[in-house]
Amino acid sequence: MIRETPSVPSTEDLIALIAALRAENESLKARIAELERQLGLNSSNSGKPPSSDGLKKPARVTSLRERSAKKPGGQRGHKGETLRQVADPDDVVDHYPSACSGCGAGLDPDTSVGHSARQVFDLPEPEPLVVTEHRAHDCRCPACGAKTRAAFPDGVNAPVQYGTRIGAFVLYLLHYQLLPEKRLVELLADLLGVKLVTATIARISQDCARRFQGFADVVRDHVAAAPVKHMDETGFRIGGRTQWLHIASTALLTFYRVCAKRGSLLMNVAGIVVHDHWKPYYTMPGVLHALCNAHHLRELKALVEIEKEDWARKMQRVLRRACHAANLARDRGVPLKPSLIALIERCYDAILAEGLAFHEAQAPLVQPVKGGRKRRGRVPRRTGHNLLLRLATRKQDTLRFLHDPTVPFTNNQAERDGRMMKLRQKISGGFRSAEGAMDFALIRSLFSTAKKQGWNVIDALTCDPANLAKSLRLS
């Protein structure tokens, strides 16, 4: 048997092999670093929702807020709420001792010389629904003999129907407290003895949405014209597909709308839009922008905890102190001093320069290889480098809260307004139809606005929508 002598690779082949192995090694290192970064992200240092943390939720030992000098609990001047006795109770039950505790002699109500009182607040026994019969009488004219029938009141359209109060109660439980339809049917039957079916509940929702469509349009126009408004968007499951819920709100108004496309933005918007740097917002004509710094603080926290980048820690401190200074000035009703604004901006610029110098000194990332070929496009940048470029390019939008006291530090208003909408999806898994989702968004616009305006939700549902729209407070 003759063994073949293995061929000895040439020097050029070895150099090429070493270069290929180095490139592959760098690509694998970058991939490992990216995977480790993804594992280190959670709801406290990224835009991930808390529900994605799972059972290994990190302990909340740190917060994006700095500790204040105030003690925990209610602050001085806070108006507390406690249960107090009323002067005119609905019912009085008298209790008398049967015998004297001293000699044992019998006692009766005539021997009473005073009393002490304790009051118990409780719910009354559930009562059946109040049934009101409307009778439209036929009257014959004594002069000509013609017979005329009276008209029924507006809204009384069927021989048998439910009234506006129970409809408002159903809508409140269904769309505000987010009770699923089947459990709502059980609750009404157990507590009130009312036997509704899910089809009736759906019809009540549809009728309410049609009745308040004009009110929602007025709220939409007021939000679009507001000097400062908050905007956000989130995925919404409709008919088994992901569509989008868009949120536009102020401190006193909320408007929700459902769209098939994420990029379907609100029209006729003016003023300042506070958002989280989603790029399509920058395509809106004639508006100014303010970026959410809560997002920036979370991204900086990830860079501190995972990448250990020192500039990110310094930027965190500057943004927090700038927020504190702006809040103090706003509480006092005075603008920030120009000298303080200039100092904050100088610190901001210095940290940006430090961070950019750090990243420019790093070895460039290897272009990822897919299918044996390098991907086209620009050379990829590190996460911190991308954030630095955003903070530099959008400096004016990031620090707008320093120059305009009406602009908040964060976009938390829109985040709060969207939280309960996502909870509805978690409870019920989504919507069967786009029409049902649109009705829900419209009714929630009414509920959220009513709460911000200080209205009673049940009363708002039974009011004339046109009168509600006229009574809106805008500031």
**Report entry** Crowding at CD, Q453 (>12 non-hydrogen neighbours, <6.0 Å)
**Finding:** yes

Query raised in the report: Quick one: does K261's side chain have a donor or acceptor within less than 3.5 Å of a partner on W244's backbone?
Result: no

Requested in this report: Mark yes or no for whether K452, through its side chain, and A251, through its backbone, hold a donor-acceptor pair below 3.5 Å.
Outcome: no

Query raised in the report: Do you know which two heavy atoms are closest between L340 and A325, and how far apart they sit?
Result: CD2-CB, 4.0 Å

Query - Test item: P227 and T406 side chains (from C-beta on) under 4.5 Å apart, heavy atoms - result: no

Query - Check against salt bridge (Lys or Arg N to Asp or Glu O under 4.0 Å), D439 and R444 - result: CA-CA 9 Å; D439 289 348; R444 284 294 307 200; over 6 Å; no

Query raised in the report: How far apart are the C-alpha atoms of S445 and V219, what are their side-chain angles, what is the distance that settles it, and do they pass the side-chain contact (heavy atoms from CB on, under 4.5 Å) test?
Result: CA-CA 8 Å; S445 298; V219 171; 5.6 Å; no

Query - Residues which pass salt bridge (charged side-chain N to carboxylate O under 4.0 Å, His left out) with R424, listed by chain and number, not counting sequence neighbours - result: none

Query raised in the report: Centres of the H246 and F236 rings: under 6.0 Å?
Result: no

Query raised in the report: Any donor and acceptor pair, going by atom type alone, linking the side chain of S428 with main-chain N or O of Q425 inside 3.5 Å?
Result: no

Query - Flag for D417-S249: side-chain donor and acceptor within less than 3.5 Å - result: yes

Query raised in the report: Do the non-hydrogen side-chain atoms of L266 and R257 ever get within less than 4.5 Å of each other?
Result: yes

Query raised in the report: Okay, side chain of R211, backbone of L461: is any donor-acceptor separation there less than 3.5 Å?
Result: yes

Report task. List the steps, then state whether ring pair (Phe, Tyr, Trp, His ring centres under 6.0 Å) holds for Y96 with H115. Result -> CA-CA 9 Å; Y96 301 96; H115 69 271; 9.7 Å; no

Query raised in the report: Hey, is CZ on F169 packed in by over 12 heavy atoms from elsewhere, all under 6.0 Å?
Result: no

Query raised in the report: Taking the inter-plane angle between the rings of F440 and F431 on a 0 to 90° scale, is it parallel (under 30°), tilted (30 to 60°) or perpendicular (over 60°)?
Result: tilted

Query raised in the report: Does R330 count as lying over the ring of F409, i.e. NZ or CZ under 6.0 Å from the six-ring centre, within 45 degrees of the axis?
Result: no

Query - Donor-acceptor contact present, side-chain E299 to main-chain T383, <3.5 Å - result: no

Query raised in the report: Can you check whether H230 reaches P408 side chain to side chain, under 4.5 Å on heavy atoms?
Result: yes

Report summary line: The reported gap from NE2 in H137 to NZ in K147 (rounded to nearest 0.5 angstrom) is 13.5 Å

**Report entry** Neighbour count above 12 (heavy atom, 6.0 Å) for R473 CZ
**Finding:** yes

Query raised in the report: Should we count CG of D90 as having more than 12 external heavy atoms under 6.0 Å?
Result: no

Query raised in the report: Roughly how far, to the nearest 0.5 Å, is NE2 of H175 from CD1 of I204?
Result: 9.5 Å

Query - Distance, nearest 0.5 Å, that separates CD of E345 from CG of L352 - result: 11.0 Å

Query raised in the report: Are P180 and I427 side-chain neighbours, meaning at least one heavy-atom pair lies under 4.5 Å?
Result: yes

Report task. Given side-chain contact (heavy atoms from CB on, under 4.5 Å), test Q213 with L442 step by step and report yes or no. Result -> CA-CA 7 Å; Q213 180 64 60; L442 191 150; 3.1 Å; yes

Query raised in the report: Is the Y172 ring parallel, tilted or perpendicular to the F447 ring (thresholds 30°, 60°)?
Result: perpendicular

Report task. Grab the two heavy atoms, one from C292 and one from N411, that are nearest each other, plus how far apart they are. Result -> SG-N, 3.2 Å

Query raised in the report: Less than 4.5 Å apart, any side-chain heavy atom of V269 and any of M231?
Result: yes

Report task. Answer yes or no: is there a donor N or O on one side and an acceptor on the other, between the side chain of K314 and the main chain of A350, under 3.5 Å? Result -> no

Query raised in the report: What is the minimum heavy-atom distance between L178 and M420, and which atoms define it?
Result: CD1-O, 3.7 Å

Query raised in the report: Given L472 and H222, is the side-chain contact (heavy atoms from CB on, under 4.5 Å) satisfied, shown in steps?
Result: CA-CA 10 Å; L472 285 171; H222 283 321; 3.9 Å; yes

Requested in this report: Evaluate the side-chain proximity of S448 to Y256: yes if any heavy-atom separation is below 4.5 Å, no if none is.
Outcome: yes

Query - Reported CG-to-CG distance for the pair L399 and L291, which is rounded to 0.5 angstrom - result: 9.5 Å

Report task. Can you measure from OG (S264) to CD (E233) and round to the nearest 0.5 angstrom? Result -> 11.5 Å

**Report entry** Nearest-0.5 Å distance, OH of residue Y176 to CD1 of residue I458
**Finding:** 11.0 Å

Requested in this report: Kindly check if the number of other-residue, nucleotide or ligand heavy atoms within 6.0 Å of CG (D331) is above 12?
Outcome: yes

Query raised in the report: If you take all heavy atoms of S471 and L468, which pair is closest and at what distance?
Result: OG-O, 2.9 Å

Requested in this report: Answer yes or no: does atom NE2 of H134 have more than 12 heavy-atom neighbours from other residues, nucleotides or ligands under 6.0 Å?
Outcome: yes

Query raised in the report: Would you find a donor on one side and an acceptor on the other, under 3.5 Å apart, between the side chain of T449 and the backbone of T254?
Result: yes

Report task. Could you please spell out the steps behind the side-chain contact (heavy atoms from CB on, under 4.5 Å) verdict for L288 and V407? Result -> CA-CA 11 Å; L288 298 175; V407 175; over 6 Å; no

Query raised in the report: If you look at every heavy atom in K395 and Y348, which pair is closest and at what distance?
Result: CG-CE2, 3.5 Å

**Report entry** Close side-chain approach of R419 and R416, heavy atoms under 4.5 Å
**Finding:** yes

Report summary line: Tightest non-hydrogen contact, residues I272 and H289, listed as CG2-C, 4.4 Å

Query raised in the report: Looking at side-chain heavy atoms only, is the closest gap between R390 and L387 below 4.5 Å?
Result: yes

Query raised in the report: Can you tell me if T111 uses its side chain to pair, donor with acceptor, with the backbone of D108 under 3.5 Å?
Result: yes

Query - Over 12 non-hydrogen atoms of neighbours within 6.0 angstrom of CD in Q85 - result: yes

